[in-house]
Amino acid sequence: MAVLEAEGVSKRFGGLQAVAEASLRVEPGRITALIGPNGAGKTTLFAMISGFLRPDSGSIRFDGREITGLAAHRVCRLGLVRTFQIVQPFAGLTVRENIAVGGHLKEPDRGRALAAAAAIARQLGMEAMLDAPAQSLTVAGRKRLELARALATQPRLLLLDEVMAGLIPTEVSEIVAVIRAIRDAGVDILLIEHVMQAVMSLSDDVYVLNNGRIIAHGAPGEIAANGDVIEAYLGQGAAHARG
Amino acid sequence: MLADPVFLLAVAFNGLTVGAIYALVALGLALIYGVLHIINFAHGSLLMLALYAAFFLFTLGGVDPYVAVLALAPGFFVFGYLLQRFVIAPISFGRDTNVLLVTLGLSIIFDNLALYLWTSTTRTINVPYAQTYVDIGVTAVALPRLVALGAALLVGVAFWLLMTRTDLGKAIRAVARERQGARIVGISVEHIFAVSFGLGTAVVALAACLLLPTFYVTPTVGYAFVLIAFTTVVLGGMGSFIGALLGGLLLGVVEAFSGVLLGESLGQIGIFLIFILVLLFRPTGFFGQRVA
Amino acid sequence: MAVRAPRRIARTSRRNFIAAGAAAAAALGMPALLRAQPKTVKIGLIHPMTGMFAYNGAQAFAGAKLAADEINERGGIRSLGGAKIELVVGDSQSKPEAAVAEVDKLSEAGVACFLGGYASGIGLTASQAAARQGVPFMSDTPVSDQITGRGLPGVFRFGPGFATITTAALDALVAINDAAGKPAKTVILVHEDGAFGSGMAKFLAAELPKRGFQVLDSIAHPTPTRDFTNIGLRLRAARPDIVMPSSYLNEYTLLARSIHQHRVPVKGIFSVIGGGASNFKFIREYNAAAQYIMDCNHWIDPNKPRSKRFVKALEERKVDLTYEVMLNYACMLLIADAIERAGSTDRAKISAAIASSTFEDHIMPYGPTKFVGGQNQGAQPATTQVQKMDIEVIWPQQFATAKAIFPIPQA
Amino acid sequence: MRLRSGQAGALFVLAAFFLLLPQFVTSSYWLGLWTLTLFYALLGQSWNLLGGYGGQVSFGHAVFFGTGAYVSAVLQVKFGFNAWAGAAVAVAAGGLVGAFLGAVSFRYGLRGSYFALVTLAFAEVFRVLVNSWELTGSGFGMLIPLRPGAAHLQFTDRTWFYYLILALLAAACALVWWIERSRFGAYLVAVRENEDAAQALGIDCFRVKVVAITLSGALASVAGVFYVQYFLFVDSHIGYGPAMSVNALLAPLIGGAGTLFGPLIGAVALGALSELTTLALGKTPGVNLLAFGVLLLVILRFLPNGLMGLFRGRA
Amino acid sequence: MLAVDGLHAGYGALRILRGLDMRIERGEIVAVLGANGVGKTTLNNTLCGLIRPTGGAITWLGEPIAGARPERIVASGLIQVPEGRRIFPNLTVRENLELGSYRRARRNRDRNLERVLIWFPRLGERLRQQAGTLSGGEQQMLATGRGLMGEPQLLILDEPSLGLSPRMVDEMFGLIRRINAEGVTIVLVEQNVVQSLGIAHRAYVLENGVFALSGPAAQLVADPRLKQAYLGL
């Protein structure tokens, strides 16, 4: 059974059809990627899955349970946690405190949550910044913090929204390793990503969203060869230029 | 009494004339809130200062308040402009809580400066037309009240023209919603902030000149209007100029009727209940736009 | 901050020591030494110098100051070797908690007695604090009957309390109405919604029917109120014979203007401690609206020579003639007299001297003072009426300077 | 997160200072001033819990203060309650008003200025109501009869009032200290910093805010109960007027909002400031407050994070 | 025309641009390419005075403008069409366009308005409509039109193809070429690599705050490093 199933999900903002009849499935034990050009509706789809937006139509099931329209914090408590593309740190708090907020979902004790936060930071290579205020972090640091905080909630399914954007290649490969490790630890992952290198090497399944519609679905290799996808990505004419 | 249509009409009309003053005071506040997104606690104190200015122009210089408008409105514009640009903005660092404290501090300063300079004596002026009553059929209205109502409507039209027909007005509206975009087309946001504060202050000066013939001035007179101005601004939709004007007129009428129904004392509750209900159920007010 | 206080106490006690020495010197007939050592008796004034009641506080201070200046010019407190009265102002900021802090502060600064209060809420808390410190407290204008009704030692009120004023007001109203052939039958009460106005209205609403008046309505309004037009309209619609307002000065002014503006056809306006009709400023500025308004209020006995001097002195000082000035002036004279008789700055002795006071040389229409449970028994208000540019006393008869003009002559 | 030795030392000095203060301050004026300062610190701490830690800035904290004062006064005067029992009910009532106000305004998603204004409006509604209602003494206000004795929460020796407010403030600080170190506190701060992120991490922002405003309301009503027992009088302007709302936010904002000792430091600083200006300039009405206003602006200009910013900046 | 030397900039402690050098000549279309978050928008904002650079120099028409106020930079003819359009949603389309000439070319407002409406006829149909109600593509046109109202000497277009349908993107790029042909120098900041290179004369590729590649567009199109950077192919 799929961990996550979205079926025919649509969302309209005023005159703009942000997501149209999008369907996707996340299978257990796999890393699923959602790609597409800017403005394609990926983040909107994420927001609907995680309960931040209510879809106009369609249904979302998590672990076989209907979660369409459920409030975000309830979705999170079921084990489905998202990160934000535009990072949303608790700017005034330290890295340790930031992560501990996530940890508190399962751990009421402050001391233990803080200790767990340190452990997660170590796992993500952030131990040096534990007591730095979140607002002093670099883009890469903030992305990592976003991931660490989500991870601290001990989720079943992690929705990662562009955690690699803006990272330098070495940082990207570090994060790729981290994400793999998370998957191996039994957390399923759905990610939005622009850094194609990472998508190709990480994911087992790729969905391509363009203008709010899923235009392709398949293994990374198939997707890379798909003319529609290349065109959607590099712009019109790219498929020919390549050939 | 309540079944008497003449009485009710008189109450309604009176509400309108009172609402005209509320509208003007609120218009200034709405402008400042709408553009700068700050709650100006010194607004009542500015009204008080303007009332004193008009009072002294009359008693010392023999200038009629209606004539004094010509000097006070520009004068207070400059005052407001400088206040925002050189006091409020630099001290508050753009933080909301600090803006709150700065305007609070300013109101403490103004109120006590007035107390120190002019003592706590209640001052009124005696202009011949204050005792002139115009019979409008249902009731006799003091001439200054009619003038205030007319002026409020006129200012409404003038503001509407300013906001829609001039580059300055368009720039103010642009800054109110999209500061980054405004900077990109070369609008100095700091300047527009100060201009808005100045305009808001100028309107308050106008309100003061209209109010003085039928009212009084003391160092604490502003408090009588601050809360009502906030209510008006919320009712009209935070930052909506037309909303503030109509909201003020409406509140005047509501106050008049709830005063008649519940008594002036308990009747104030009508205003605040409206205030709360609007905040809860239609926080954009009746004329504000929904913010995405 | 903490260390300064003991020093202050030390200073006070040194001064007491000098005072004692000076008294001894006086007894030994050494007047030269006395003049070389000018002494003062401190009186603490708890007045609202800032905040909502700042005007009233300033007026109250002016009254106390005038009295103190007169006493000092005439040689101060003789029994203390000509000690001068020094007024120490404690600003109550129109707030009880500030008033209490000032009472504490001035107690420690060695004041012999307090004078002040102004509003009932402030007076109640301030007098309580003074009682705790063992300093006598003379209330000036608070009318709440609880001021002296609580049995606090050393808390006095020279002026009349609530029950006295209202009863007197009703007597005056009935008498004036009877004299005119009972033209008035209906009344509307207009009052501010604080302690003073609400209390007044409640009492009047209960008492007026017993005296043959029908109360059509009782209209409360807040302080400040921005607009009185609606009340004017209501009055015009209800057509009462008499309107009885109880409000502070600003609201009173607006109300009188509104009644005038809407040509409410009343036979009389009779206020009870209405701030306006007993104020010459109001009469100067709104003479038309003020005409024939009657007011039962704290007021001087205008026939006393001292009152005439008092009024003249106020004119010289450009101080408005209001009841705060009168009562504070009179209270200060009373306190000075008590200290004179006590012959000491000892607070308990002053308190006892006030309690046993039979002081008569004041400006109020009270007769000799007689305190029972802190309340001056002879205290009573006067009823005044605005006639042309003057405020005439029309009741009680023995103080009257003019006859009441009632009902208002219709033009 | 546990106390560092420096902090423990500072705490010890602070506690010793306040506990021993009455030994040195024999002047009842100064003791009264310190009592008032601690009272303002308590009121500020209640605001701080909601506004400083939770980021929900209230302009109407008088609504809780007044409820505490009025409920305890009415219960004693009109229903013959014992003062202590009345106090307990009053504190519960303050919490209840907080819960109600929070439930209503947070349910409708009010934030920032909107929330601030709605609290202001509620305070005004309460003010008008108690001013018109017979039970609450209408315009007279409530005067609590003098009944000296600890059983009636009235002390003839005002040192006891000092210790009472000190104990109440210490308890409030302990509560805030504990919250700072609890899951709830972490959630509260998270909600202040970023509601979206908080929600994404499973925090029920609505519930957190309602709990915070309930606690804050209860604390403010403790201050209200103290006020009314100390001065034995409250009326609508004192209880629900805007002045008390301003007092509630001034101390924490000056001292440092969202810090444990911000309200205390702010209250002490404001007290000292107003004493100094009165001492130096108190002769003419208004001048001292004028100077107070100017100094307030100067502090804001140079210490935008409040006085606690001095310490934090160095850390 | 525009020279950038060793430019550093960032937000607070965040350092985003770390030493950029760049030259723009009159009449060119220069593309600045790069993935999300590499600092393209920071570069634009620094050029336009919205962000004060922490180091380096910007020389515009022979004058240093690093750290100058944005209104002065706009007045001198360096105008940006920002990412996310930043149109005034509460103003009408016409008012938006009029404000394009708030600081510059106010006297030629009517003439320029006509010109913009010829380029973007769809805006002409909606002059009285509130700008916030326009579709994404129309908003992009409006933002571009607004930029042109100020008679820019250099127009910086930040992601003009963002969120547009492929047909609209084609249309947009065609327009950019036409605008350039009328004498406006253009800096095109884009993700859409192929089409941008198709119309640009030269290009810079930004990676983590520094330019990783630069050169004539024709050369870069064929550069395998470019494709790798984007698709990982």
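Hydrogens, waters and symmetry mates play no part in the numbers below; they use all other heavy atoms, side chains included. Quick note on labels: first sequence line is chain A, next is B, and so on, each numbered from 1.
In this structure, the side-chain contact (heavy atoms from CB on, under 4.5 Å) partners of D:E134, at least two apart in sequence or on a different chain, are C:K202.
The distance from the CD1 atom of C:I122 to the CG atom of D:D235 is 9.0 Å, given to the nearest 0.5 Å. One distance of note links CD of C:E108 with OG1 of D:T26; it measures 7.5 Å at 0.5 Å rounding.
The contact list for residues 64-76 of chain D toward chain C, using heavy atoms and a distance under 4.5 Å, is empty. Identified by a heavy-atom distance below 4.5 Å to chain D, the contributing residues of residues 88-99 of chain C are C:P96, C:E97, in residue-number order.
With a threshold of 4.5 angstrom between heavy atoms, D:M244 approaches chain C through side-chain atoms but not through N, CA, C or O. At a 4.5 Å heavy-atom cutoff, C:E192 makes no contact with chain D through either its backbone or its side chain. Using a 4.5 Å cut-off between heavy atoms, D:Y227 contacts chain C through its side chain alone, with no backbone atom that close. Contact of C:L106 with chain D is not made at all, since no heavy-atom distance falls under 4.5 Å. Both the backbone and the side chain of D:N131 come within less than 4.5 Å of a heavy atom in chain C. For C:A220, no part lies near chain D; criterion is any non-hydrogen pair under 4.5 Å.
Taking every heavy atom of both residues into account, D:F233 and C:T125 meet most closely at CB-CG2, 3.5 Å. Residue C:D104 comes nearest to D:Y29 through the heavy atom pair CB-CA, 3.5 Å, listed as atom of the first residue, atom of the second, then distance.
Contacts classified as salt bridge (charged side-chain N to carboxylate O under 4.0 Å, His left out) and involving residues 121-133 of chain D (residues at least two apart or in different chains) are given here: D:E124-D:R127.
Contact of the D:L33 side chain with the C:K105 side chain is not registered, since no non-hydrogen atoms from C-beta on lie closer than 4.5 Å. Side-chain contact between D:P145 and C:R150: absent, with no pair of heavy atoms (C-beta onward) separated by less than 4.5 Å.
Chosen from D:V128, D:L36, D:L143, the residue pairing most often with chain C at heavy-atom distances under 4.5 Å is D:L143.
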